Amino acid sequence: MTSTSFAEQLLNWYQQQGRKNLPWQQNTSAYRVWVSEIMLQQTQVSTVINYYQRFMQRFPDVESLAAAPQDEVLHLWAGLGYYTRARNLHACAQEVVTRHSGHFPVDCQKTLQSLPGIGPSTAAAIIALSSNQRAVILDGNVKRVVARYFAISGWPGKTAINRQLWEKADRLTPEHQAADYTQAIMDLGATLCTPRNPACHRCPVADGCQALSLQLTDQLPTPKPKKAKPEKQRLFLILLDPQNQILLKQRPQQGIWGGLWSLPEFNSYPDMENWLEQQYPGAQLDTKPLPSFQHTFSHYHLQIKPWKAHLPQAQQLQEARAGYPADMTSTASLWYNLSQPANLGLPAPINRLLQGLQP
């Protein structure tokens with residue numbers, strides 16, 4: 001099958017079966033497409049929709065996003081995971097405003113890719129979907145379609161395999177109807193050419209799919225070699241004062257939960273006890289921890305063991321007691337009021353833990 005017939009069949013299917021009512025497909029702009037593409041990285045559409053709508057309500061344009069405090073951006077992102085995306089989103093908005101007068105440089109893919117958090121496929125999607133210019137995408141869904149269609153074996157994370165997938169994706173991409181084709185091939189991967197149990201009997205390009213003819217659809221794309229995820233355990237301290245406020249510390253900008261607010265954490269009980277004695281000598285630790293629970297990151301399992309401690313009187317910090325502290329470094333602290341919680345960026349498991357403590 002030629003690339004032209006592949007595109008034609010796919011576009012015909014899209015006109016009848018494709019998704020056309022997603023929030024970011026309405027009032028299309030480079031800004032709206034960009035936000036959706038960043039949110040959709042490693043996240044399903046069904047999860048993204050509500051986050052996207054709340055985000056757009058608060059930040060309807062790139063200027064409002066650029067002007068917002070980072071912590072407010074992280075607060076609205078909390079629960080989507082992969083928080084580097086949110087920090088890059090905020091930094092990118094600021095660059096678009098300061099360096100490009102509030103306009104995404106969709107006429108130059110290289111310039112677009114130079115912005116924080118925008119890789120080759122994301123840049124191509126922004127260009128194609130917002131301006132209908134031809135650009136080749138290769139996100140996770142499209143990699144799966146291309147690997148199966150051409151029966152390309154080998155883990156796509158390998159440089160040689162990735163290069164081969166880009167070449168084939170370029171060959172399939174038509175010169176015209178860039179926006180529809182881009183959405184169509186993403187829809188194909190998301191709705192029919194799924195990782196497990198693909199609906200090949202409904203696929204518009206099944207007659208040219210080499211993986212289907214070779215009965216390899218369950219083997220392609222070649223999965224990443226598996227490694228057992230290590231397990232770690234950390235103690236998280238819930239330090240309460242008489243006003244029902246909890247001490248939070250801001251995490252470093254880089255690393256797990258970068259820039260978010262979390263509980264003080266420790267490797268061991270003696271470490272936690274010693275820290276309390278030095279910082280808050282009047283605090284009393286509970287005799288038993290709260291129930292522990294597991295949170296899984298992409299590369300390890302974290303066993304969270306929460307401990308409560310109580311202060312006999314309210315404490316003062318140099319930072320603000322609520323809202324956004326002036327010092328946004330990794331050493332910033334604040335007292336988080338459970339009765340009137342501030343809009344802070346909290347990791348999802350920590351947010352759930354704190355919600356469970358609310359009176």
Side-chain angles (χ1 to χ4, degrees), residues 19 22-25 32-56 73-93 112-113 115-126 128-129 136-148 155-159 161-162 165-166 169 182-183 185-198 220-227 229-230 251 253-260 294-302 345-349 351:
R19 297 178 294 187
L22 296 171
W24 43 89
Q25 294 174 316
R32 290 174 62 83
V33 170
W34 164 66
V35 172
S36 71
E37 286 298 311
I38 301 300
M39 285 188 171
L40 287 165
Q41 290 171 359
Q42 299 174 292
T43 310
Q44 293 183 344
V45 168
S46 57
T47 300
V48 165
I49 287 175
N50 287 337
Y51 281 92
Y52 180 84
Q53 290 173 329
R54 287 195 296 269
F55 206 88
M56 282 296 130
V73 178
L74 290 172
H75 171 68
L76 286 173
W77 195 275
L80 270 177
Y82 303 99
Y83 292 95
T84 299
R85 296 182 298 169
R87 296 193 299 274
N88 282 336
L89 195 82
H90 190 224
C92 181
L112 195 57
Q113 285 177 215
L115 295 170
I118 298 182
S121 186
T122 299
I126 295 168
L129 294 172
V136 181
I137 71 163
L138 194 68
D139 67 0
N141 285 324
V142 177
K143 282 182 181 179
R144 188 164 56 254
V145 171
V146 174
R148 286 174 174 166
W155 177 47
K158 291 184 177 180
T159 301
I161 303 301
N162 189 56
L165 291 169
W166 273 109
T182 299
Q183 188 63 56
I185 197 166
M186 290 192 296
D187 281 3
L188 182 67
T191 63
L192 299 185
C193 195
T194 50
R196 295 179 182 85
N197 303 315
L220 298 175
T222 304
K224 181 179 180 179
K226 285 188 176 181
K227 292 182 181 179
K229 288 185 179 181
R251 296 182 64 87
Q253 293 294 319
Q254 302 302 319
I256 295 299
W257 294 339
L260 300 183
Q294 183 174 278
H295 181 73
T296 298
F297 294 100
S298 58
H299 53 293
Y300 70 90
H301 301 294
L302 177 64
L346 300 171
N351 188 37

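Throughout, numbering of the chain's residues begins at 1 and tracks the sequence. The model shown is predicted, which means the values in this text are computed figures rather than measured ones.
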Contact summary for [X] and [Y], nearest pair of heavy atoms:
| X | Y | answer |
| --- | --- | --- |
| Gln53 | Pro23 | NE2-CG, 3.8 Å |
| Ala348 | Tyr83 | N-OH, 3.8 Å |
| Val136 | Trp166 | O-CZ3, 3.3 Å |
| Leu138 | Ala169 | CD1-CB, 4.0 Å |
| Thr194 | Asn197 | OG1-O, 3.6 Å |
| Gly117 | Gln41 | O-NE2, 4.1 Å |

With rounding to the nearest 0.5 Å, note down the distance linking [atom1] in [X] to [atom2] in [Y].
| X | Y | atom1 | atom2 | value |
| --- | --- | --- | --- | --- |
| Thr191 | Leu188 | OG1 | CG | 6.5 Å |
| Ile118 | Leu89 | CD1 | CG | 8.5 Å |
| Thr222 | Ile161 | OG1 | CD1 | 7.5 Å |
| Leu76 | Met56 | CG | CE | 11.0 Å |
| Thr84 | Ile38 | OG1 | CD1 | 11.5 Å |
| Lys143 | Cys193 | NZ | SG | 14.5 Å |

message: What verdict does the side chain to side chain contact (heavy atoms under 4.5 Å, CB included) test give for Leu129 and Met186, after you've listed the backbone C-alpha separation in whole Å, the side-chain angles of each residue and the deciding distance to 0.1 Å?
response: CA-CA 11 Å; Leu129 294 172; Met186 290 192 296; 3.8 Å; yes
task: Answer yes or no: does atom NZ of Lys229 have more than 12 heavy-atom neighbours from other residues, nucleotides or ligands under 6.0 Å?
output: yes
Those residues that, when tested against Asp139, pass salt bridge (charged side-chain N to carboxylate O under 4.0 Å, His left out) (two or more places apart): none
message: Quick test of your reading: applying salt bridge (Lys or Arg N to Asp or Glu O under 4.0 Å), list the pairs with at least one residue in residues 187-198, sequence neighbours left out, ordered by first then second residue.
response: Arg19-Asp187
Could I get the full list of ring pair (Phe, Tyr, Trp, His ring centres under 6.0 Å) partners for [X], not counting sequence neighbours?
| X | answer |
| --- | --- |
| Trp34 | Tyr31, Phe104 |
| Tyr300 | Phe297 |
| Tyr51 | none |

Output yes when a side-chain donor or acceptor of [X] lies under 3.5 Å from a complementary backbone atom of [Y], and no otherwise.
| X | Y | answer |
| --- | --- | --- |
| Arg148 | Leu220 | yes |
| Arg85 | Met39 | yes |
| Tyr52 | Val45 | no |
| Arg87 | Leu74 | no |

- prompt: Do Arg144 and Asn141 have side-chain atoms, one donor and one acceptor, less than 3.5 Å apart?
  reply: yes
message: Within the structure provided, determine whether Val73 and Phe55 are in side-chain contact (heavy-atom separation under 4.5 Å).
response: yes
- line: For Gln254, the side-chain contact (heavy atoms from CB on, under 4.5 Å) test, sequence neighbours excluded, returns none
